[in-house]
Amino acid sequence: MDSARPHTPVAYLLRLCLHALLCGLLALAAVRAVGDRAPHAGAVIGAVVAMAAVYAAGVALPSVRPRTAAVAVWLGALGAAWLALLVVSPDALWAAFPLYFLLLHLLTLRWALPAVLVTAGAAIASFLLHGQQITPGAFIGPLLGAAVAVATVLGYDALYRESERRRELIDELVATRAELAEAERTAGTLAERERLAREIHDTLAQGLSSIQLLLRAAERALPAGAPAREHVEQARRAAQDNLAEARRFVKALTPPDLEQGSLSGALERLCAAAPGPAVQFGVSGTPVELPTPYEVALLRVAQSALANTVQHAAAGRAEITLSFMDTSVALDVVDDGCGFDPVRRRPKETSGFGLPAMRSRAQSLGGTLSVESAPGQGTAVAITLPLPVAGVR
């Protein structure tokens, strides 16, 4: 008689108590029949043994499971054995109490409640059958026992369902916490990679590039055959080699979005993967190679602006344009959404790259960020960065 629920210690203990209660009541009926020298003592013992055997078979058989056809057959056989015991022993009515719990546990509520009422009616009828004194307790006792059993089982089921809901909620919270921790680690790793790439570019790479230019100028200023000319040339080549190595470090620290190709390719993938409005991407002017910090800043601003469009603008379409001009590069993100008043309030920023962060990125590279919007007229975000001086990357 397996349970459909997990075999928790509490459930296991309750089943043991149910087995012990039924076996104890059957033993009591047999002992009293023998002790009182009842005329049907042999029949009582036979009925007790038969009911105990049927009950033990149901406990041992794995096919007897709650809410199955096998359990219905087993309960029918157990009920028949109990009715036979009721006929020969008035003490058999006490077995009705564990039978209540058994019926409520193994049958659906639709069938368990009528079965419990029939069992209570059979217990009451046993008083009349054996000529017992008819008192209110003869009717109230079995019915009260049935009510207590129903309330106990229903209460246990409610507590079990609540416990399962809490367990599922805790599992979801633990899984969510693990996902958030992993996302934070990933975000921290990417942020540190970007910071290192920016620091290497702005310090080592720029310094080595300046050293190379100064050594090239010194090399041109030295007369041919000067003893220092060879040393200057070696120093210039060393600076050039170290500059190339620094650029390889910066490239290795490039964000994953830029690892698979150019900035234009990363922006195209961003537009294609954006949920919600239709997003178009276009390039204006003649593309030039940009330093990694420039590409990272432009890509992050595009991601942030597009995230705000998807989450808050309720836009039907959006457009991202990357423009290369003579002395600068610009990125425009325009949508036809609900817009907002940039002076009075800012849109809710949950992506982690809000307007202050976008403006800070632009200013760190000597550029500017502008936001044009009005209620009902869409939003336009534009970042403009000055192109670096040729030879300084």
Side-chain angles (χ1 to χ4, degrees), residues 190 193-194 197-198 201-202 205-206 247-248 250-313 315-337 339 342 347 351-355 357-373 377-393:
L190 294 177
R193 289 174 61 177
E194 291 182 23
R198 186 166 54 249
H201 175 271
D202 294 342
Q206 298 287 26
R247 287 174 176 170
R248 281 195 292 270
V250 171
K251 190 66 175 178
L253 293 172
T254 300
D257 298 310
L258 297 172
E259 288 179 353
Q260 299 178 357
S262 64
L263 173 62
S264 300
L267 292 173
E268 287 180 356
R269 291 191 294 273
L270 176 64
C271 294
V279 184
Q280 295 182 347
F281 172 71
V283 178
S284 174
T286 303
V288 298
E289 184 181 355
L290 297 174
T292 298
Y294 278 55
E295 293 185 336
V296 171
L298 293 172
L299 177 61
R300 293 305 187 221
V301 168
Q303 289 174 330
S304 177
L306 188 58
N308 286 335
T309 298
V310 172
Q311 295 176 14
H312 310 297
R317 60 181 297 274
E319 184 174 351
I320 297 179
T321 304
L322 180 63
S323 303
F324 293 92
M325 294 166 280
D326 293 338
T327 60
S328 62
V329 59
L331 179 78
D332 298 277
V333 182
V334 182
D335 66 66
D336 62 353
S351 62
F353 296 97
L355 291 178
M358 287 189 270
R359 187 168 285 109
S360 176
R361 285 183 181 275
Q363 292 174 353
S364 67
L365 296 174
T368 59
L369 181 84
S370 62
V371 180
E372 297 180 2
S373 182
Q377 298 183 16
T379 303
V381 178
I383 178 175
T384 303
L385 302 177
L387 288 176
V389 179
V392 181
R393 294 298 178 94

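All of these numbers come straight from a predicted model, not from anything done at the bench.
Residues Leu290 and Phe324 share a closest heavy-atom pair of CD1-CE2, 4.0 Å. Closest approach of Arg361 to Val301, counting heavy atoms only: CD-CG2, 4.4 Å. Considering all non-hydrogen atoms of both residues, Cys271 and Val279 come closest at SG-CG1, 3.5 Å. Closest approach of Ala315 and Pro277 over heavy atoms only: O-CB, 3.3 Å. In terms of heavy atoms, Leu263 sits closest to Glu295 at CD1-O, 3.6 Å. What you find for Met358 and Val381 is that their closest heavy atoms are SD-CG1, 4.4 Å.
Going from atom CG of Leu387 over to atom CE of Met325 covers 8.0 Å, rounded to the nearest 0.5 Å. Between the OG atom of Ser364 and the CZ atom of Arg359 there is a distance of 13.0 Å, given to the nearest 0.5 Å. Interatomic distance, Ile383 CD1 to Arg300 CZ, rounded to the nearest 0.5 Å: 13.0 Å. In this structure, the separation between CG on Leu298 and CD on Gln303 is 11.5 Å, given to the nearest 0.5 Å. Atom OG1 of Thr327 is separated from atom CG of Leu385 by 11.5 Å, given to the nearest 0.5 angstrom.
Every residue two or more places apart in sequence or in another chain was checked for a side chain to side chain contact (heavy atoms under 4.5 Å, CB included) with Ser360, and none qualifies. In this structure, the side-chain hydrogen bond (donor to acceptor under 3.5 Å, both in side chains) partners of Ser373, at least two apart in sequence or on a different chain, are Thr379.
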(message) Evaluate Phe281 against Ile320 for side chain to side chain contact (heavy atoms under 4.5 Å, CB included), listing each step before the verdict.
(response) CA-CA 5 Å; Phe281 172 71; Ile320 297 179; 4.0 Å; yes
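Residue pairs meeting the salt bridge (charged side-chain N to carboxylate O under 4.0 Å, His left out) criterion with at least one partner in residues 318-337, sequence neighbours excluded, are Arg317-Glu319.
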